[in-house]
Number of protein chains: 2
Amino acid sequence: MIKPLVRKTLHEEIVNQIMDGITNGRLQPGNRIDGEAELARQFEVSRNIVREALKSLELIGVVHTINGKGSFISEDALTGIELMRLVRMMKNENYTIDLLESRIMIEGDIAYLAAQRATKKDIEDLSIIERETEEWIKKGSYKFQNGLRFHMKVAECSKNHIMQKFLRSISDELTAQRGQLILAHKSNDELMLELKEHISMIKFIKERKPEETKKVMQMHIMRAMRILKECE
Amino acid sequence: MIKPLVRKTLHEEIVNQIMDGITNGRLQPGNRIDGEAELARQFEVSRNIVREALKSLELIGVVHTINGKGSFISEDALTGIELMRLVRMMKNENYTIDLLESRIMIEGDIAYLAAQRATKKDIEDLSIIERETEEWIKKGSYKFQNGLRFHMKVAECSKNHIMQKFLRSISDELTAQRGQLILAHKSNDELMLELKEHISMIKFIKERKPEETKKVMQMHIMRAMRILKECE
DNA sequence: AAGTATTTGTCCGTATGTATC
DNA sequence: GGATACATACGGACAAATACT
(Lines give C-alpha, C1' and ligand atoms only; values in the text may rest on other atoms or scores of the structure.)
Protein backbone atom coordinates (compact mmCIF):
# COMPACT_ATOMS: atom_id res chain seq x y z
CA MET A 1 0.00 0.00 0.00
CA ILE A 2 1.29 3.42 -0.95
CA LYS A 3 1.12 6.24 1.54
CA PRO A 4 -1.31 9.05 0.82
CA LEU A 5 1.43 11.65 1.39
CA VAL A 6 -0.84 14.47 2.45
CA ARG A 7 1.07 17.17 4.22
CA LYS A 8 -1.60 18.78 6.32
CA THR A 9 -1.13 22.39 7.20
CA LEU A 10 -1.41 23.43 10.83
CA HIS A 11 -4.47 25.65 10.52
CA GLU A 12 -6.25 22.85 8.66
CA GLU A 13 -5.51 20.51 11.54
CA ILE A 14 -6.99 22.99 14.02
CA VAL A 15 -10.11 23.44 11.88
CA ASN A 16 -10.64 19.69 11.85
CA GLN A 17 -10.07 19.31 15.56
CA ILE A 18 -12.60 22.01 16.39
CA MET A 19 -15.13 20.55 13.96
CA ASP A 20 -14.67 17.10 15.45
CA GLY A 21 -15.01 18.55 18.93
CA ILE A 22 -18.39 19.97 17.99
CA THR A 23 -19.55 16.83 16.19
CA ASN A 24 -18.77 14.56 19.11
CA GLY A 25 -20.30 16.96 21.61
CA ARG A 26 -17.14 17.97 23.46
CA LEU A 27 -17.66 21.54 22.30
CA GLN A 28 -21.23 22.69 22.83
CA PRO A 29 -23.05 25.44 20.92
CA GLY A 30 -22.93 28.69 22.84
CA ASN A 31 -19.70 27.79 24.59
CA ARG A 32 -16.82 30.16 24.47
CA ILE A 33 -13.61 28.90 22.91
CA ASP A 34 -10.34 29.76 24.62
CA GLY A 35 -8.74 32.99 23.48
CA GLU A 36 -6.44 33.05 20.48
CA ALA A 37 -3.32 33.30 22.64
CA GLU A 38 -4.44 30.43 24.84
CA LEU A 39 -5.28 28.24 21.83
CA ALA A 40 -1.88 29.05 20.33
CA ARG A 41 -0.27 27.87 23.54
CA GLN A 42 -2.34 24.66 23.66
CA PHE A 43 -1.78 23.71 20.03
CA GLU A 44 1.82 24.88 20.24
CA VAL A 45 1.52 27.09 17.17
CA SER A 46 1.61 30.81 16.55
CA ARG A 47 -1.42 33.03 16.96
CA ASN A 48 -1.53 33.62 13.20
CA ILE A 49 -2.25 29.96 12.61
CA VAL A 50 -5.04 29.98 15.16
CA ARG A 51 -6.53 33.03 13.51
CA GLU A 52 -6.44 31.44 10.07
CA ALA A 53 -8.38 28.50 11.47
CA LEU A 54 -10.85 30.63 13.40
CA LYS A 55 -11.54 32.97 10.50
CA SER A 56 -12.15 29.98 8.23
CA LEU A 57 -14.65 28.51 10.67
CA GLU A 58 -16.29 31.89 10.99
CA LEU A 59 -16.90 32.10 7.25
CA ILE A 60 -19.04 28.97 7.32
CA GLY A 61 -20.79 30.10 10.49
CA VAL A 62 -19.41 27.44 12.80
CA VAL A 63 -18.03 30.00 15.22
CA HIS A 64 -18.55 33.72 15.61
CA THR A 65 -16.08 36.14 17.10
CA ILE A 66 -16.83 39.27 19.05
CA ASN A 67 -14.10 41.83 19.26
CA GLY A 68 -12.82 42.15 22.79
CA LYS A 69 -14.87 39.20 24.10
CA GLY A 70 -13.72 36.07 22.33
CA SER A 71 -14.93 33.35 19.96
CA PHE A 72 -18.06 31.27 20.50
CA ILE A 73 -19.51 28.11 19.00
CA SER A 74 -22.59 29.09 16.98
CA GLU A 75 -25.94 27.69 18.03
CA ASP A 76 -26.32 26.14 14.59
CA ALA A 77 -22.68 25.15 14.19
CA LEU A 78 -23.64 21.71 12.91
CA THR A 79 -25.38 23.21 9.88
CA GLY A 80 -22.13 24.74 8.70
CA ILE A 81 -20.14 21.61 9.41
CA GLU A 82 -22.53 19.33 7.54
CA LEU A 83 -22.74 21.70 4.58
CA MET A 84 -18.94 21.83 4.63
CA ARG A 85 -18.81 18.05 4.37
CA LEU A 86 -21.43 18.23 1.63
CA VAL A 87 -19.11 20.51 -0.35
CA ARG A 88 -16.30 17.98 -0.02
CA MET A 89 -18.60 15.17 -1.11
CA MET A 90 -19.95 17.07 -4.10
CA LYS A 91 -16.45 17.84 -5.30
CA ASN A 92 -15.51 14.17 -5.05
CA GLU A 93 -16.20 12.63 -8.44
CA ASN A 94 -17.07 9.29 -6.86
CA TYR A 95 -20.43 10.84 -6.05
CA THR A 96 -21.28 12.17 -9.50
CA ILE A 97 -24.09 9.64 -9.87
CA ASP A 98 -25.56 10.62 -6.50
CA LEU A 99 -25.30 14.22 -7.64
CA LEU A 100 -27.20 13.57 -10.84
CA GLU A 101 -29.84 11.59 -9.01
CA SER A 102 -30.19 14.48 -6.55
CA ARG A 103 -30.68 16.85 -9.42
CA ILE A 104 -33.44 14.68 -10.83
CA MET A 105 -35.21 14.67 -7.48
CA ILE A 106 -34.72 18.35 -6.68
CA GLU A 107 -35.69 19.56 -10.14
CA GLY A 108 -38.79 17.40 -10.00
CA ASP A 109 -39.81 18.99 -6.73
CA ILE A 110 -39.02 22.45 -8.04
CA ALA A 111 -41.01 21.89 -11.20
CA TYR A 112 -43.91 20.73 -9.06
CA LEU A 113 -43.84 23.90 -6.98
CA ALA A 114 -43.31 26.08 -10.05
CA ALA A 115 -46.52 24.79 -11.60
CA GLN A 116 -48.36 25.79 -8.45
CA ARG A 117 -46.78 29.20 -7.97
CA ALA A 118 -45.56 30.72 -11.23
CA THR A 119 -46.93 34.22 -11.85
CA LYS A 120 -48.04 35.46 -15.26
CA LYS A 121 -44.78 37.35 -15.64
CA ASP A 122 -42.84 34.19 -14.76
CA ILE A 123 -44.56 32.29 -17.54
CA GLU A 124 -43.87 35.11 -20.01
CA ASP A 125 -40.20 35.05 -19.02
CA LEU A 126 -40.06 31.30 -19.60
CA SER A 127 -41.49 31.73 -23.07
CA ILE A 128 -38.95 34.40 -23.91
CA ILE A 129 -36.06 32.23 -22.74
CA GLU A 130 -37.37 29.34 -24.80
CA ARG A 131 -37.60 31.46 -27.95
CA GLU A 132 -34.10 32.85 -27.47
CA THR A 133 -32.67 29.39 -26.91
CA GLU A 134 -34.30 28.17 -30.11
CA GLU A 135 -32.58 30.93 -32.06
CA TRP A 136 -29.22 30.13 -30.54
CA ILE A 137 -29.55 26.49 -31.49
CA LYS A 138 -30.49 27.37 -35.06
CA LYS A 139 -27.55 29.75 -35.28
CA GLY A 140 -25.30 27.01 -33.91
CA SER A 141 -24.08 29.28 -31.14
CA TYR A 142 -25.64 27.31 -28.30
CA LYS A 143 -23.52 27.05 -25.17
CA PHE A 144 -23.94 24.80 -22.17
CA GLN A 145 -24.57 27.79 -19.94
CA ASN A 146 -27.61 28.72 -22.05
CA GLY A 147 -29.21 25.41 -21.22
CA LEU A 148 -29.20 26.26 -17.54
CA ARG A 149 -31.13 29.50 -17.97
CA PHE A 150 -34.47 27.76 -18.38
CA HIS A 151 -33.88 25.56 -15.36
CA MET A 152 -32.87 28.47 -13.17
CA LYS A 153 -35.96 30.42 -14.17
CA VAL A 154 -38.17 27.45 -13.28
CA ALA A 155 -36.39 27.34 -9.92
CA GLU A 156 -37.26 31.00 -9.48
CA CYS A 157 -40.91 30.17 -10.15
CA SER A 158 -40.89 27.70 -7.27
CA LYS A 159 -40.49 30.64 -4.84
CA ASN A 160 -38.43 28.40 -2.57
CA HIS A 161 -35.08 30.09 -2.13
CA ILE A 162 -33.38 27.23 -0.34
CA MET A 163 -34.14 24.66 -3.02
CA GLN A 164 -33.19 27.23 -5.63
CA LYS A 165 -29.72 27.78 -4.16
CA PHE A 166 -29.17 24.08 -3.62
CA LEU A 167 -30.07 23.28 -7.22
CA ARG A 168 -27.70 26.01 -8.32
CA SER A 169 -24.84 24.40 -6.37
CA ILE A 170 -25.56 20.98 -7.82
CA SER A 171 -25.77 22.34 -11.35
CA ASP A 172 -22.55 24.32 -10.96
CA GLU A 173 -20.74 21.26 -9.76
CA LEU A 174 -22.09 19.02 -12.52
CA THR A 175 -21.16 21.65 -15.08
CA ALA A 176 -17.62 21.83 -13.72
CA GLN A 177 -17.27 18.06 -13.72
CA ARG A 178 -18.98 17.09 -16.96
CA GLY A 179 -20.33 20.17 -18.67
CA GLN A 180 -18.16 20.04 -21.75
CA LEU A 181 -18.48 16.29 -21.99
CA ILE A 182 -22.27 16.34 -22.02
CA LEU A 183 -22.53 19.16 -24.52
CA ALA A 184 -20.05 17.52 -26.85
CA HIS A 185 -22.29 14.48 -27.09
CA LYS A 186 -25.44 16.41 -27.84
CA SER A 187 -26.45 16.65 -31.46
CA ASN A 188 -28.57 19.49 -32.78
CA ASP A 189 -31.48 17.08 -33.02
CA GLU A 190 -31.16 16.27 -29.37
CA LEU A 191 -31.06 19.95 -28.47
CA MET A 192 -34.26 20.55 -30.42
CA LEU A 193 -35.87 17.62 -28.64
CA GLU A 194 -34.94 19.18 -25.29
CA LEU A 195 -36.45 22.42 -26.47
CA LYS A 196 -39.73 20.65 -27.16
CA GLU A 197 -39.71 19.36 -23.62
CA HIS A 198 -39.16 22.88 -22.37
CA ILE A 199 -42.23 24.01 -24.30
CA SER A 200 -44.19 21.11 -22.92
CA MET A 201 -43.23 22.12 -19.39
CA ILE A 202 -44.22 25.73 -19.94
CA LYS A 203 -47.59 24.48 -21.10
CA PHE A 204 -48.09 22.35 -17.99
CA ILE A 205 -46.99 25.19 -15.72
CA LYS A 206 -49.47 27.49 -17.41
CA GLU A 207 -52.22 24.88 -16.93
CA ARG A 208 -51.20 24.42 -13.29
CA LYS A 209 -50.45 20.72 -13.57
CA PRO A 210 -47.70 20.02 -11.02
CA GLU A 211 -47.47 16.26 -11.42
CA GLU A 212 -47.19 16.46 -15.19
CA THR A 213 -44.61 19.24 -15.06
CA LYS A 214 -42.56 17.21 -12.63
CA LYS A 215 -42.66 14.11 -14.82
CA VAL A 216 -41.51 15.91 -17.94
CA MET A 217 -38.73 17.61 -15.98
CA GLN A 218 -37.46 14.32 -14.60
CA MET A 219 -37.55 12.62 -18.01
CA HIS A 220 -35.76 15.64 -19.35
CA ILE A 221 -32.84 15.32 -16.94
CA MET A 222 -32.69 11.55 -17.13
CA ARG A 223 -31.72 11.83 -20.76
CA ALA A 224 -28.67 13.86 -19.76
CA MET A 225 -27.85 11.12 -17.30
CA ARG A 226 -28.09 8.49 -20.02
CA ILE A 227 -25.81 10.47 -22.31
CA LEU A 228 -23.34 10.78 -19.46
CA LYS A 229 -23.34 7.06 -18.83
CA GLU A 230 -22.95 6.21 -22.49
CA CYS A 231 -19.70 8.09 -22.88
CA GLU A 232 -17.94 6.58 -19.91
CA MET B 1 -32.41 56.90 8.57
CA ILE B 2 -29.97 55.26 10.95
CA LYS B 3 -26.69 53.94 9.67
CA PRO B 4 -26.33 50.16 9.42
CA LEU B 5 -23.17 50.24 11.56
CA VAL B 6 -21.54 47.14 10.16
CA ARG B 7 -17.84 47.14 10.89
CA LYS B 8 -16.51 44.72 8.33
CA THR B 9 -13.17 43.15 9.04
CA LEU B 10 -10.48 43.41 6.41
CA HIS B 11 -10.16 39.72 5.58
CA GLU B 12 -13.93 39.50 5.21
CA GLU B 13 -13.82 42.30 2.67
CA ILE B 14 -11.16 40.47 0.69
CA VAL B 15 -13.17 37.23 0.77
CA ASN B 16 -16.17 39.05 -0.63
CA GLN B 17 -14.18 40.81 -3.33
CA ILE B 18 -12.67 37.55 -4.55
CA MET B 19 -16.05 35.80 -4.48
CA ASP B 20 -17.62 38.64 -6.44
CA GLY B 21 -14.75 38.52 -8.90
CA ILE B 22 -15.48 34.87 -9.57
CA THR B 23 -19.24 35.34 -9.75
CA ASN B 24 -19.01 38.13 -12.31
CA GLY B 25 -16.42 36.29 -14.35
CA ARG B 26 -13.46 38.59 -13.77
CA LEU B 27 -11.64 35.75 -12.07
CA GLN B 28 -11.82 32.54 -14.08
CA PRO B 29 -11.51 28.98 -12.76
CA GLY B 30 -7.98 27.69 -13.20
CA ASN B 31 -6.46 31.16 -13.07
CA ARG B 32 -3.70 31.90 -10.65
CA ILE B 33 -4.32 34.60 -8.08
CA ASP B 34 -1.54 37.06 -7.36
CA GLY B 35 0.83 36.00 -4.60
CA GLU B 36 0.08 36.79 -0.99
CA ALA B 37 2.65 39.57 -0.89
CA GLU B 38 1.31 41.13 -4.09
CA LEU B 39 -2.29 40.95 -2.86
CA ALA B 40 -1.24 42.55 0.42
CA ARG B 41 0.26 45.39 -1.56
CA GLN B 42 -2.83 45.80 -3.74
CA PHE B 43 -5.34 45.72 -0.89
CA GLU B 44 -2.99 47.76 1.28
CA VAL B 45 -3.13 45.31 4.17
CA SER B 46 -0.67 42.96 5.80
CA ARG B 47 0.08 39.50 4.46
CA ASN B 48 -1.58 37.92 7.47
CA ILE B 49 -4.93 39.43 6.52
CA VAL B 50 -4.59 38.14 2.98
CA ARG B 51 -3.81 34.70 4.34
CA GLU B 52 -6.85 34.71 6.62
CA ALA B 53 -9.01 35.42 3.57
CA LEU B 54 -7.27 32.87 1.36
CA LYS B 55 -7.40 30.09 3.95
CA SER B 56 -11.10 30.75 4.48
CA LEU B 57 -11.78 30.47 0.78
CA GLU B 58 -9.69 27.33 0.67
CA LEU B 59 -11.83 25.65 3.32
CA ILE B 60 -14.92 25.92 1.14
CA GLY B 61 -13.00 24.85 -1.95
CA VAL B 62 -13.16 28.15 -3.81
CA VAL B 63 -9.39 28.37 -4.17
CA HIS B 64 -6.59 25.91 -3.60
CA THR B 65 -3.04 26.77 -2.67
CA ILE B 66 0.10 24.92 -3.60
CA ASN B 67 3.16 25.51 -1.49
CA GLY B 68 5.80 27.34 -3.47
CA LYS B 69 3.55 27.93 -6.49
CA GLY B 70 0.65 30.11 -5.49
CA SER B 71 -3.14 30.12 -5.14
CA PHE B 72 -5.54 29.14 -7.92
CA ILE B 73 -9.27 29.49 -8.50
CA SER B 74 -10.81 26.01 -8.31
CA GLU B 75 -12.52 24.63 -11.39
CA ASP B 76 -15.72 24.26 -9.39
CA ALA B 77 -15.32 27.46 -7.39
CA LEU B 78 -18.96 28.39 -7.97
CA THR B 79 -20.16 25.31 -6.10
CA GLY B 80 -18.44 26.48 -2.93
CA ILE B 81 -19.67 30.04 -3.35
CA GLU B 82 -23.27 29.02 -3.87
CA LEU B 83 -23.20 26.59 -0.94
CA MET B 84 -21.67 29.40 1.10
CA ARG B 85 -24.61 31.61 0.26
CA LEU B 86 -26.93 28.72 1.04
CA VAL B 87 -25.43 28.52 4.54
CA ARG B 88 -26.13 32.22 5.05
CA MET B 89 -29.70 31.79 3.81
CA MET B 90 -30.40 28.76 5.98
CA LYS B 91 -29.17 30.57 9.07
CA ASN B 92 -31.43 33.52 8.30
CA GLU B 93 -34.71 32.88 10.12
CA ASN B 94 -36.67 34.65 7.40
CA TYR B 95 -36.31 31.47 5.41
CA THR B 96 -37.54 29.00 8.04
CA ILE B 97 -40.68 28.26 6.04
CA ASP B 98 -38.64 27.59 2.90
CA LEU B 99 -36.46 25.34 5.00
CA LEU B 100 -39.40 23.32 6.30
CA GLU B 101 -40.85 23.04 2.82
CA SER B 102 -37.47 21.83 1.57
CA ARG B 103 -37.43 19.22 4.26
CA ILE B 104 -40.85 17.97 3.22
CA MET B 105 -39.69 17.65 -0.39
CA ILE B 106 -36.30 16.09 0.35
CA GLU B 107 -37.62 13.63 2.90
CA GLY B 108 -40.31 12.60 0.46
CA ASP B 109 -37.69 11.87 -2.17
CA ILE B 110 -35.53 10.05 0.33
CA ALA B 111 -38.40 7.93 1.57
CA TYR B 112 -39.18 7.04 -2.05
CA LEU B 113 -35.62 5.88 -2.69
CA ALA B 114 -35.47 4.09 0.66
CA ALA B 115 -38.46 1.95 -0.25
CA GLN B 116 -36.65 0.93 -3.42
CA ARG B 117 -33.25 0.28 -1.92
CA ALA B 118 -33.43 -0.68 1.77
CA THR B 119 -31.64 -3.94 2.55
CA LYS B 120 -32.96 -6.53 4.97
CA LYS B 121 -30.55 -5.29 7.60
CA ASP B 122 -31.73 -1.70 7.04
CA ILE B 123 -35.30 -2.75 7.72
CA GLU B 124 -34.28 -4.59 10.86
CA ASP B 125 -32.44 -1.50 12.07
CA LEU B 126 -35.52 0.62 11.46
CA SER B 127 -37.63 -1.76 13.54
CA ILE B 128 -35.13 -1.66 16.38
CA ILE B 129 -35.08 2.15 16.37
CA GLU B 130 -38.85 2.24 16.42
CA ARG B 131 -39.05 -0.13 19.41
CA GLU B 132 -36.47 1.85 21.35
CA THR B 133 -38.23 5.12 20.64
CA GLU B 134 -41.48 3.64 21.90
CA GLU B 135 -39.84 2.73 25.18
CA TRP B 136 -38.37 6.19 25.58
CA ILE B 137 -41.76 7.79 25.07
CA LYS B 138 -43.37 5.48 27.61
CA LYS B 139 -40.62 6.24 30.10
CA GLY B 140 -41.12 9.94 29.44
CA SER B 141 -37.44 10.38 28.61
CA TYR B 142 -37.96 11.23 24.94
CA LYS B 143 -35.69 13.93 23.56
CA PHE B 144 -35.90 15.80 20.31
CA GLN B 145 -32.67 14.27 19.11
CA ASN B 146 -34.23 10.79 19.38
CA GLY B 147 -36.87 11.75 16.87
CA LEU B 148 -34.22 12.37 14.25
CA ARG B 149 -32.72 8.89 14.51
CA PHE B 150 -35.50 7.28 12.50
CA HIS B 151 -35.29 9.91 9.79
CA MET B 152 -31.52 9.63 9.50
CA LYS B 153 -31.74 5.87 9.18
CA VAL B 154 -34.30 6.20 6.40
CA ALA B 155 -31.89 8.59 4.71
CA GLU B 156 -29.21 5.94 4.98
CA CYS B 157 -31.55 3.47 3.27
CA SER B 158 -31.84 5.81 0.29
CA LYS B 159 -28.16 5.11 -0.54
CA ASN B 160 -27.85 8.65 -1.86
CA HIS B 161 -25.09 10.32 0.13
CA ILE B 162 -25.64 13.81 -1.21
CA MET B 163 -29.32 13.94 -0.31
CA GLN B 164 -28.47 12.38 3.03
CA LYS B 165 -25.98 15.11 3.92
CA PHE B 166 -28.28 17.86 2.70
CA LEU B 167 -31.17 16.56 4.78
CA ARG B 168 -28.83 16.42 7.76
CA SER B 169 -27.94 20.11 7.30
CA ILE B 170 -31.57 21.12 7.02
CA SER B 171 -32.55 19.12 10.08
CA ASP B 172 -29.66 20.50 12.11
CA GLU B 173 -30.63 24.03 11.25
CA LEU B 174 -34.32 23.49 12.01
CA THR B 175 -33.40 21.88 15.31
CA ALA B 176 -31.20 24.84 16.22
CA GLN B 177 -33.91 27.32 15.28
CA ARG B 178 -37.03 25.63 16.62
CA GLY B 179 -36.15 22.30 18.14
CA GLN B 180 -37.14 23.06 21.71
CA LEU B 181 -40.21 24.93 20.57
CA ILE B 182 -41.57 22.05 18.57
CA LEU B 183 -40.90 19.44 21.22
CA ALA B 184 -42.49 21.56 23.93
CA HIS B 185 -45.75 21.59 22.00
CA LYS B 186 -45.88 17.87 21.43
CA SER B 187 -48.04 15.88 23.80
CA ASN B 188 -47.38 12.23 24.52
CA ASP B 189 -50.41 11.36 22.40
CA GLU B 190 -48.90 13.18 19.47
CA LEU B 191 -45.60 11.39 19.93
CA MET B 192 -47.39 8.05 19.88
CA LEU B 193 -49.22 9.07 16.73
CA GLU B 194 -45.90 9.85 15.08
CA LEU B 195 -44.63 6.49 16.15
CA LYS B 196 -47.57 4.82 14.39
CA GLU B 197 -46.60 6.65 11.24
CA HIS B 198 -43.05 5.38 11.63
CA ILE B 199 -44.38 1.84 11.81
CA SER B 200 -46.54 2.47 8.77
CA MET B 201 -43.50 3.68 6.84
CA ILE B 202 -41.44 0.66 7.81
CA LYS B 203 -44.26 -1.52 6.51
CA PHE B 204 -44.36 0.29 3.17
CA ILE B 205 -40.57 0.14 2.85
CA LYS B 206 -40.68 -3.60 3.51
CA GLU B 207 -43.39 -4.00 0.86
CA ARG B 208 -41.37 -1.87 -1.60
CA LYS B 209 -44.03 0.78 -2.07
CA PRO B 210 -42.16 4.03 -2.79
CA GLU B 211 -45.14 6.28 -3.48
CA GLU B 212 -46.94 5.23 -0.31
CA THR B 213 -43.84 5.60 1.83
CA LYS B 214 -43.29 9.06 0.43
CA LYS B 215 -46.85 10.15 1.15
CA VAL B 216 -46.76 9.01 4.76
CA MET B 217 -43.41 10.71 5.25
CA GLN B 218 -44.66 14.00 3.87
CA MET B 219 -47.82 13.91 5.98
CA HIS B 220 -45.62 13.09 8.92
CA ILE B 221 -43.48 16.21 8.52
CA MET B 222 -46.36 18.46 7.62
CA ARG B 223 -47.78 17.92 11.07
CA ALA B 224 -44.57 19.33 12.57
CA MET B 225 -44.99 22.30 10.27
CA ARG B 226 -48.55 22.85 11.48
CA ILE B 227 -47.46 22.70 15.11
CA LEU B 228 -44.77 25.24 14.31
CA LYS B 229 -47.24 27.62 12.70
CA GLU B 230 -49.75 27.29 15.55
CA CYS B 231 -47.33 28.51 18.19
CA GLU B 232 -46.21 31.62 16.39
C1' DA C 1 23.26 18.83 -11.24
C1' DA C 2 23.50 22.92 -8.77
C1' DG C 3 22.11 27.48 -7.60
C1' DT C 4 19.03 31.26 -7.36
C1' DA C 5 14.60 33.57 -7.21
C1' DT C 6 9.79 33.16 -6.07
C1' DT C 7 6.14 31.83 -3.13
C1' DT C 8 3.89 29.73 0.64
C1' DG C 9 4.19 28.15 5.70
C1' DT C 10 5.20 29.60 10.13
C1' DC C 11 6.72 32.33 14.03
C1' DC C 12 7.61 36.55 16.73
C1' DG C 13 7.05 41.24 18.54
C1' DT C 14 4.35 45.27 18.85
C1' DA C 15 0.64 48.63 18.64
C1' DT C 16 -4.27 49.68 18.81
C1' DG C 17 -9.29 49.29 19.52
C1' DT C 18 -12.89 47.18 22.24
C1' DA C 19 -15.44 44.94 26.04
C1' DT C 20 -15.86 44.01 31.04
C1' DC C 21 -15.58 44.94 35.80
C1' DG D 1 -11.52 56.25 35.10
C1' DG D 2 -8.40 52.45 35.29
C1' DA D 3 -7.00 47.68 34.87
C1' DT D 4 -7.43 43.56 32.42
C1' DA D 5 -8.40 40.41 28.72
C1' DC D 6 -9.08 40.02 24.13
C1' DA D 7 -9.39 40.65 19.06
C1' DT D 8 -7.55 43.35 15.09
C1' DA D 9 -3.79 44.51 12.45
C1' DC D 10 1.00 45.42 11.05
C1' DG D 11 5.84 44.24 9.61
C1' DG D 12 9.95 41.55 9.85
C1' DA D 13 12.15 37.17 9.70
C1' DC D 14 13.32 32.46 8.31
C1' DA D 15 12.23 27.70 6.69
C1' DA D 16 10.36 24.76 3.14
C1' DA D 17 8.60 23.89 -1.46
C1' DT D 18 8.77 24.96 -6.17
C1' DA D 19 10.38 26.80 -10.61
C1' DC D 20 13.88 28.36 -13.74
C1' DT D 21 18.22 28.68 -15.54
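Here the structure is a predicted model, which is why all the values come from computation and not from measurement. Just so it is clear: chains get the letters A, B, ... in the order the sequence lines come, proteins before strands, and each one is counted from 1. The basis for the numbers below is simple: all heavy atoms, side chains too, and nothing from hydrogens, waters or symmetry mates.
Taking atom CD1 on A:Ile66 and atom P on C:dT20, their separation rounds to 8 Å, with Å as the unit. B:Glu36 places its CD atom 14 Å from the P atom of D:dC10, with the value rounded to the nearest Å. Atom CG of B:Leu10 is separated from atom P of C:dT16 by 17 Å (rounded to the nearest Å). Rounded to a whole Å, the CG atom of A:Leu39 is 13 Å from the C1' atom of D:dA7. To the nearest angstrom, C1' of D:dA9 lies 14 Å from CD of B:Glu44. Straight-line distance from the CG atom of A:Leu54 to the P atom of D:dA9: 14 Å, rounded to whole Å. Nucleotide C:dG9 holds its P atom 8 Å from the CD atom of A:Glu52, rounded to whole Å. Whole-Å rounding puts the A:Arg41 CZ to D:dA5 P distance at 15 Å.
The side chain of B:Ser71 sits closest to C:dT8 out of D:dC10, C:dT8, C:dC11. Checking C:dC11, C:dT8, D:dA9 against the side-chain heavy atoms of B:Ile49 singles out D:dA9 as nearest. The side chain of B:Ser46 lies closest to D:dC10 when the candidates are C:dG9, D:dC10, C:dT8. Between C:dC11, C:dG9, D:dT8, one nucleotide has an atom nearer to the side chain of B:Asn67 than all others, and that is C:dG9.
Judged purely by distance below 3.5 Å, without hydrogens or angles, the side chains of B:Thr96 and B:Glu93 never pair a donor atom with an acceptor atom. Side chains of B:His220 and B:Glu194: no donor on one and acceptor on the other come within 3.5 Å.
Using a 4.0 Å cut-off, no side-chain N or O of B:Lys55 falls inside it from OP1 or OP2 of C:dT8. OP1 and OP2 of D:dA5 both lie 4.0 Å or more from every side-chain N or O belonging to A:Lys69. Neither OP1 nor OP2 of C:dT8 sits under 4.0 Å from any side-chain N or O of B:Arg51.
Judged by distance alone with a 3.5 Å cut-off, a donor-acceptor contact links the side chain of B:Asn48 to the base of D:dG11. With hydrogens and angles ignored, no donor-acceptor pair under 3.5 angstrom links the side chain of B:Arg47 to the base of D:dG12.
Under the side-chain contact (heavy atoms from CB on, under 4.5 Å) test applied with A:Lys159, the options A:Asp122, A:Ile110, A:Leu113 reduce to a single match, A:Asp122.
Salt bridge A:Glu101/B:Arg117: present, at least one basic N to carboxylate O contact under 4.0 Å.
Once rounded to the nearest 0.5 Å, the distance linking CG of A:Asn160 with OH of A:Tyr112 reads 14.5 Å.
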